[in-house]
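Below is one structure, written out as C-alpha cells; the observations come after it.
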Amino acid sequence: MNDLERMRHSAAHVMAEAVLDLFPKAKLGIGPPIEDGFYYDLDLPRSLTPDDLAAIEERMRAHIAADERFESEVFPTREAALDHFAGQPYKEELIRDLPEGEAISLYRNGPFVDLCRGPHVASTSEIGAIKLMSVAGAYWRGDEGRPMLQRIYGTAWPTQAELDAYLVLLEEARKRDHRKLGRELGLFYFNEEVGAGIPLFSPKGEQLRYQMERYVREAQTRHGYEHVWTGHLVKESLYRRSGHWDNYADVMFPPMIDEEVTFRLKPMNCPSHMTLYNEMGVHSYRDLPLRLAEFATLYRYEISGTLSGLTRVRALTQDDCHIFCTEEQIQEEFSRCLHLVTEVLETYGLTDYRVQLSLPGGEGKYVNDPEKWEKAIAALRASLDANGVAYDAAEGEAAFYGPKADFMAKDALGREWQLSTIQVDFIQPARLGCEYIGEDSAAHTPVVLHRAVTGSTERFLGVIIEHFAGAFPVWLAPVQAKLIPIADRHLPYMQEVAAKLAAAGIRAEVDSSNNRMNNKIRAAQVQKIPYMLVAGDRDIEGGAVSVRLRSEEQLGAMKIDDFIAFITPIIETKSLDLKEARAAKEAAAVG
RNA sequence: GCCCAUGUAGCUCAGUUGGCAGAGCACCUCCUUGGUAAGGAGGAGGUCUCGGGUUCGAGUCCCGACAUGGGCUCCA
C-alpha cells in the first residue's frame with residue numbers, strides 16, 4: 001500500500017467515524033482505498049441525501065482537525081474479535097471468513113474503532129484535502145442476493161491544490177464524454193419510443209460508422225480474411241445445441257414464437273458461422289485455416305441498469321471473425337490476429353491499452369472439459385508469449401467456451417472497456433459438428449479462434465469520440481471541409497468548389513446561412529471540422545480558397561487543385577495530423 | 001435487475017409557499033455583405049416524460065411506469 005492509498009484508507013475510516021456521529025446505529029461494511037479516492041459501505045436506517053454528504057464531510061473535517069492518532073491492537077483470539085464487533089453483522093462475517101492463523105487486528109482513532117489490517121497514517125491530521133463525491137447502492141460483497149448497502153464515494157489528496165486539480169480533470173473528462181459530444185456534434189441519438197440502448201445514427205454518425213467499418217474490412221481483406229453474412233434471426237434450437245441457450249439465455253431478447261418454431265434475435269455469430277462452415281461442404285486440411293469475418297448487428301438484452309451511451313447498448317455491430325484451423329495453426333493464426341489488431345489500434349492512435357488473459361473462474365458457467373480448457377489456455381499463453389505481449393491474467397472473465405486475450409482501453413472517465421478480443425475455442429466446433437479431413441484421411445474437429453478487432457462499431461466509436469475529444473482525424477471526420485463565403489455573392493463560387501471537392505472524394509459543405517463570416521467560422525470550430533475554406537473577392541480572382549485549420553492555424557490562399565493535392569494523402573494515409581500525411585511504414589510482415 | 005439522483009422549448013438551464021410557462025443558444029423573417037471563434041431587429045416554438053391521485057387550483061405535493069445519469073468486491 002503506497003502513501004496515497006494509506007492516507008485514503010485512513011480517510012475512509014474517518015468517513016465511517018463521521019457517519020457514526022450522525023447515525024450511531026449504522027452497520028459497517030468495508031472501506032478500502034480505490035483509484036482516486038476511497039469508499040465505505042454502510043447499512044443505514046435511511047437513504048442518504050446530498051445534504052447528508054455535506055454534513056458528513058463537515059464532521060470529517062472536525063475529526064481531521066482533532067488530530068486523532070491511529071493505534072492498532074491485535075485480538076488474542078478470533079472469539080475476542082467476534083465479541084468486540086458483536087452487533088456488527090458484516091464485520092462478524094469478515095472475521096469468520098478470515099483464514100485460520102491470521103492475526104486479527106483493529107485500528108482506533110479517537111472514539112472510532114474498526115476491524116482493519118492497516119496500515120494507516122499516524123494521525124488524522126495527516127489526511128489532506130477530502131471531498132465526498134456520491135452515494136450509490138452496492139450489494140454486500142457484490143452479490144445481488146445479499147443486502148444492498150449504501151456506498152459513499154470520496155476522494156482525498158495530500159493538498160487542496162491537488163484536490164482542485166483532480167476536480168478540474170474530472171470536469172475536463174466530462175467535456176469529452178461521448179454522450180455529450182455525440183449530441184453536440186449531431187452524431188447519434190436515443191429515443192424512448194425506439195427503445196433503450198438502441199442508438200439512432202444521423203448522416204454524420206453513419207458516415208463515421210461507414211469509414212470505421214470500411215477500414216476494418218479493407219484491413220481484414222489485406223490480412224487474409226474473407227467476409228460472410230448470416231442474417232439477424234436464428235432458430236432457438238441452434239443456440240440450445242451450441243450451449244448458448246444455457247449460458248446466454250438472459251442476454252437474449254425474448255423469443256419470437258411462430259406456431260412451430262421459436263426464433264431469437266442473434267446475440268452472437270459463432271453458431272451461424274459454424275453452421276455456414278458445415279454447409280460449405282467437406283473441408284480438407286488443405287483448406288484451413290478458413291477465416292470467416294462478418295460485420296454483424298447483434299441484439300443483446302443487457303439489463304437496464306448497465307446501459308450507457310454507445311459503450312453498452314442493446315444493438316451492436318461486431319467486427320467478428322471465426323477462424324477454423326488445426327491445433328498446429330493456432331499460434332500462427334493468433335499472430336495474424338495480433339498484427340491486424342495492433343495495426344488498427346495504432347491507426348487510431350490508441351496506444352494506451354492493456355491486454356488481459358481472461359481465464360475461467362471457480363463458478364459453473366464454464367463448459368466442463370478440463371482437458372480442452374487446459375489445451376486452449378496453454379495455446380493462448382504460448383501465442384501471447386511468442387509475440388512478446390505483456391498481459392495480466394484475470395480469473396472468471398473467460399467466455400463459457402474458452403479463454404480470451406482481451407484488449408482493454410479506458411474512456412474519458414477512466415472506465416475500462418474491452419475492444420479487441422482473441423479467443424480460443426475447443427468446445428463449440430465439436431458441439432456443432434464441424435469437421436475437416438486430415439492428412440490421415442480421417443475426420444477431425446477444427447479449433448476455432450473467435451476474434452474481434454474493434455469489438456463493436458458502437459463501443460469503439462464511443463471510445464474514439466472521447467479519445468479524439470470529437471476532433472476526428474481527417475479520414476474519419478464526417479465533414480472534412482467547411483466552405484465559408486465572405487459575402488453572399490461568393491456563394492456560387494463556393495458551390496463550384498464544393499462540387500470539385502466532392503468529385504475528388506472530399507466531404508465538404510457550404511455554409512450558406514445568413515450569418516457573418518466570423519459566425520460561420522465559429523460554428524465550424526465548434527463542430528471541430530478539420531478545414532475551413534474561406535473565399536472572398538481576392539481568393540476568387542486567383543481560383544483559390546483561404547485555408548484555416550481547426551487548430552486555428554492559417555495556411556493562406558491555396559488553389560483548389562492544390563488543396564485537393566494537399567488533403568488527399570492526409571486522408572489516404574489516415575494521418576492523425578492536419579498538415580502531414582502519415583509517414584510510410586516499412587512493409588509490415590503480413591503472413 | 002437492485003440502490004440513489006434527475007426528467008420544463010431542438011440544446012443548456014431558471015421557475016419563489018401550490019396561483020397566467022421563462023432565459024440564452026439554435027431555428028425562421030427582415031436589415032446588414034463582412035477577411036478568420038458569436039453584427040442587429042423581430043418572430044415562431046412547450047400535453048412541463050407518461051399514467052394515476054390529493055387540491056377550488058399541480059411544472060411544483062403523493063403513488064406508479066418509462067427514460068437518463070452515478071453506482072452494484074479495486075474485498076478487514
- Query: When rounded to the nearest Å, what value does the distance between P atoms of B/rU47 and B/rU54 take?
  - Reply: 25 Å

- Closest to side chain of A/I30, choosing from B/rC74, B/rC75, B/rG35: B/rC75

- A/R314 or A/T49, whichever maps to the more 5' nucleotide of RNA chain B: A/R314

- For A/S358 and A/D406, does a side-chain donor sit closer than 3.5 Å to a side-chain acceptor? yes

- Residue whose closest nucleotide on RNA chain B lies nearer the 5' end, A/Q525 versus A/E302: A/E302

- So which of residues 72-97 of chain A are in contact with RNA chain B, with a heavy-atom cut-off of under 4.0 Å? A/K91

- Paired nucleotide for B/rG45 [Watson-Crick or G-U wobble; both distances under 3.5 Å]: none

- Are A/N109 and A/H120 close enough that a side-chain donor and a side-chain acceptor fall under 3.5 Å? no

- Message: Please pick, from B/rA37, B/rG34, B/rG1, the nucleotide with the shortest atom-to-atom distance to any side-chain atom of A/I521.
- Response: B/rA37

- Item | A/S304 side chain, from C-beta outward: closest of B/rG1, B/rA26, B/rG34 | B/rG1

- B/rA9: pairing nucleotide in any strand, Watson-Crick or G-U under 3.5 angstrom: none

- Using the C1' atoms only, state how far B/rG69 lies from B/rG18, rounded to an integer number of Å. 29 Å

- How far, in whole Å, is B/rC25 from B/rC66 if one measures between their P atoms? 38 Å

- Item | P gap between B/rG59 and B/rA67, integer Å | 24 Å

- Task: For nucleotides B/rC30 and B/rU17, find the distance between their P atoms and express it as a whole number of Å.
- Result: 45 Å

- Task: Return the nucleotide paired to B/rA26: Watson-Crick means purine N1 to pyrimidine N3 with N6-O4 or O6-N4, wobble means G-U with N1-O2 and O6-N3, both under 3.5 Å.
- Result: none

- Give a yes/no verdict on a cation-pi contact between A/R8 and A/F38, requiring under 6.0 Å between NZ or CZ and the six-membered ring centre and an angle within 45° of the axis. no

- Task: For nucleotides B/rA5 and B/rC28, find the distance between their C1' atoms and express it as a whole number of Å.
- Result: 38 Å

- Taking the side chain of A/N519 as heavy atoms from C-beta outward, which of B/rA67, B/rG39, B/rC72 is closest to it? B/rG39

- Item | Whole-Å P distance, B/rU55 and B/rG42 | 46 Å

- For A/F566 and A/K579 the tightest heavy-atom approach is CE1-O, 3.5 Å

- Query: Taking atom C1' in both B/rC11 and B/rA26, what distance in whole Å separates the two?
  - Reply: 7 Å

